[in-house]
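Here's the structure, in structure tokens; my notes come after.
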Amino acid sequence: MTPATQVVVIGGGQAGLAAGYHLRRAGVEFVILDAQPLPGGAWQHTWDSLRLFSPAAYSSLPGRLMPTQPGELYPDAAHVVGYLTDYEQRYDLPVQRPVHVEGVHRDGTCLRIETDTGAWQADAVISATGTWSRPFLPAVPGRRDYRGEQLHTVDYRSPREFAGKRVIVVGGGNSGAQIAADLADQTDLTWVTQREPRFLPDEIDGRVLFDVATARRRALDEGRVDSGGVASLGDIVAVPPVRAARDAGLLKAEPMFTRLTTTGAEWADGTRSEADAIIWCTGFRPALSPLAPLGLRGHRCHIATDGTRALDEPRVHLLGYGDWTGPASATLIGVGRPAREAARQVADLLS
Ligand code: FAD
């Protein structure tokens with residue numbers, strides 16, 4: 001018999017856990033299905049030196065402050081995994097893993113959630129699948145001809161494997177800057193960005209960014225003009241390793257090349273640079289394929305929503321992903337509020 005519950009949450013990263021916390025408080029019966037064998041979502045797979053861009057207290061999910069990491073103002077990814085593991089145990093969240101959700105289908109008055117371990121039936125779904133499983137690489141002429149190693153942010157672990165090599169890092173966001181800084185003194189590095197990289201002032205970190213997101217949320221709630229999201233402040237948070245590499249003059253960006261050759265890159269003026277490896281820090285797309293059978297309207301890889309609720313299917317909510325599901329909803333501290341709102345709306349729908 002197909003197991004039934006009121007709500008299936010797809011994804012057991014931070015967004016799925018925040019949804020679970022608020023569904024529990026709303027008195028809704030639910031299960032969280034997560035594709036990973038272990039807790040921690042994407043944080044299990046990031047590079048070794050990654051640091052949060054906010055101190056622990058500003059990186060907390062609802063109900064429980066992230067403890068500080070001894071000796072580190074900005075915690076590392078392992079600390080976040082520990083925190084999320086503890087979080088789901090502390091609140092006894094019903095996470096089943098590894099369970100990969102393949103598709104959500106309308107089935108009479110219910111939704112049928114097909115997984116690799118069987119189907120579930122539910123009255124509503126909260127999709128919290130993140131972006132890590134959908135790395136984005138731009139279409140650059142010659143990319144398939146290049147014979148060196150090509151990686152995406154998701155594949156990068158540490159500078160050890162590139163020591164002494166000629167490496168091109170592509171991308172002027174936080175990942176590109178942090179990975180370029182990581183590699184700067186051990187490789188022959190070329191860092192390329194589409195536009196001149198914009199470093200936030202050194203005193204600005206995730207705390208300020210979150211204040212910006214809060215101000216934006218208030219403006220939107222009160223029907224005032226959109227004050228702009230986090231990105232309107234600029235891009236790169238000068239976390240200590242980035243600041244150190246930049247101040248040592250090791251983080252000089254070149255403009256984007258126009259094509260790849262078999263052995264490296266070529267710029268518009270004909271300049272060429274040989275490379276053993278290219279690391280694409282070029283972002284992600286939302287992992288929305290489980291919702292494809294519902295045929296929900298959207299554009300640019302998004303699904304049209306009102307807050308977290310899918311416009312075409314009020315039984316489906318989307319949590320995390322980016323500002324389009326709520327200001328700062330793709331951050332640890334920012335996901336709490338949209339999670340609460342999604343749980344409230346789902347509870348209203350069920351009653
Ligand atoms: P994820 O952590 O990716 O979790 C999604 C879960 O869903 C995963 O376990 C995945 O396996 C599962 N899943 C996916 N598809 C399916 C499926 N079909 N069936 C079942 N399960 C599925 N935020 C901050 O607050 N502070 C920071 O300092 C910060 N730094 C960042 C640095 C980088 C490099 C990146 C990429 C992001 C950073 N973020 C930061 C943003 C954000 O906090 C993380 O991306 C976070 O991992 C998003 O959490 P999530 O729960 O939405 O997604």
Side-chain angles (χ1 to χ4, degrees), residues 8-20 31-47 49-61 66 73-77 79-81 83-85 87-88 95-104 113-117 120 125-136 152-154 156 171 173-179 182 205-207 209-210 213 230 236-237 239 281-292 308 318-323 325-326 328-336 338-339:
V8 165
V9 178
I10 312 174
Q14 65 200 38
L17 300 189
V31 66
I32 301 173
L33 306 179
D34 185 40
Q36 302 288 313
L38 295 169
W43 296 106
Q44 298 168 82
H45 307 292
T46 60
W47 60 95
S49 69
L50 181 133
R51 291 289 178 278
L52 291 188
F53 50 65
S54 329
Y58 286 80
S59 306
S60 302
L61 293 180
M66 180 185 285
L73 176 60
Y74 300 99
D76 63 20
H79 187 72
V80 182
V81 172
Y83 168 71
L84 295 178
T85 306
Y87 189 92
E88 74 178 57
V95 187
Q96 297 203 6
R97 58 166 65 93
V99 179
H100 185 265
V101 173
E102 284 155 1
V104 179
I113 297 93
E114 297 284 355
T115 82
D116 58 353
T117 60
W120 282 81
V125 159
I126 297 181
S127 179
T129 48
T131 60
W132 192 258
S133 58
R134 278 204 63 199
F136 171 74
H152 185 269
T153 310
V154 298
Y156 176 73
N174 281 292
S175 306
Q178 284 197 28
I179 290 176
D182 211 25
D205 64 17
R207 289 171 280 200
L209 300 182
F210 186 69
V230 164
I236 301 166
V237 181
V239 290
C281 302
T282 41
F284 300 85
R285 296 288 180 262
L288 297 175
S289 62
L291 302 181
T308 59
L318 293 100
L319 203 55
Y321 302 113
D323 276 4
T325 63
S329 65
T331 63
L332 283 152
I333 197 169
V335 74

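Predicted model, so just to flag it, every value in this text is computed and none were measured. When a ligand or atom number is given, it counts from 1 through the structure's own listing order.
- Residue Ala287 places every heavy atom at 4.0 Å or more from ligand 1.
- Between atom CG of residue Leu52 and atom OG1 of residue Thr46 there is a gap of 9.0 Å, rounded to the nearest 0.5 Å.
- The shortest N/O to N/O separation between Asp34 and ligand 1 falls below 3.5 Å.
- Residue contacts with ligand 1: Gln36 is placed with a nitrogen or oxygen under 3.5 Å of a nitrogen or oxygen of the ligand (distance criterion only).
- Contact analysis leaves Val237 out of contact with ligand 1, as no non-hydrogen atom separation drops below 4.0 angstrom.
- Side-chain contact between Phe284 and Val154 is present, with heavy atoms from C-beta onward closer than 4.5 Å.
- When side chains are defined from C-beta on, Val101 does not count as touching Trp120, because their heavy atoms never get closer than 4.5 Å.
- Between the side chain of Ser60 and the main chain of Met66, a donor-acceptor pair closer than 3.5 Å is present.
- Under a 4.0 angstrom heavy-atom cut-off, Ser59 registers as lying outside contact with ligand 1.
- For atom 51 (O) of ligand 1, the choice among Ser133, Ser127, Ala15 with the nearest heavy atom turns out to be Ala15.
- Polar contact with ligand 1: present for Ala35 (N/O pair, distance under 3.5 Å).
- Using 4.0 Å as the threshold, Leu50 has a heavy atom nearer than that to some atom of ligand 1.
- Less than 4.0 angstrom separates some heavy atom of Val101 from each of these atoms of ligand 1: 17 (C), 18 (N), 19 (N), 20 (C).
- Scanning the protein heavy atoms around atom 4 (O) of ligand 1, the nearest turns out to be Gly13 CA, 3.5 Å.
- The distance criterion of under 3.5 Å between nitrogen or oxygen atoms is met by Ala42 with respect to ligand 1.
- For atom 35 (C) of ligand 1, the nearest protein heavy atom lies 4.0 Å or farther away.
- Contacts between Trp47 and ligand 1, counted as non-hydrogen atom pairs separated by less than 4.0 Å, involve the side chain only.
- Close approach to Ser175 involves these atoms of ligand 1, each under 4.0 Å from a residue heavy atom: 34 (C).
- At a 3.5 angstrom cut-off on N or O pairs, Leu52 does not count as close to ligand 1.
- Checked against a 3.5 angstrom limit, the closest N/O atoms of Phe53 and ligand 1 fall inside it.
- Of the polar atoms of Ala330, at least one N or O is found under 3.5 Å from an N or O of ligand 1, judged by distance alone.
- For atom 27 (C) of ligand 1, a protein heavy-atom neighbour is found at a distance under 4.0 Å.
- Note: an N/O pair closer than 3.5 Å links Leu332 and ligand 1 by distance alone.
- Distances from ligand 1 to the non-hydrogen atoms of Tyr74 include no value under 4.0 Å.
- Put simply, no part of Thr46 is less than 4.0 Å from ligand 1, judged by heavy atoms.
- Of all the heavy atoms of Thr153, none lies under 4.0 Å from any atom of ligand 1, so neither backbone nor side chain is involved.
- Listed by chain and residue number, Arg97 satisfy the salt bridge (charged side-chain N to carboxylate O under 4.0 Å, His left out) test with Asp34 (two or more places apart in sequence, or in another chain).
- The N/O atoms of Pro290, backbone and side chain alike, include none that comes under 3.5 Å of an N/O atom in ligand 1.
- Residue His100 has at least one heavy-atom neighbour below 4.0 Å for each of these atoms of ligand 1: 17 (C), 18 (N), 19 (N).
- Looking at ligand 1, you'll find an N or O of Gln14 within less than 3.5 Å of one of its N or O atoms.
- At a distance under 4.0 Å, a protein heavy atom can be found next to atom 11 (O) of ligand 1.
- At a heavy-atom cutoff of 4.0 Å, ligand 1 is contacted by no atom of Ser289, backbone or side chain.
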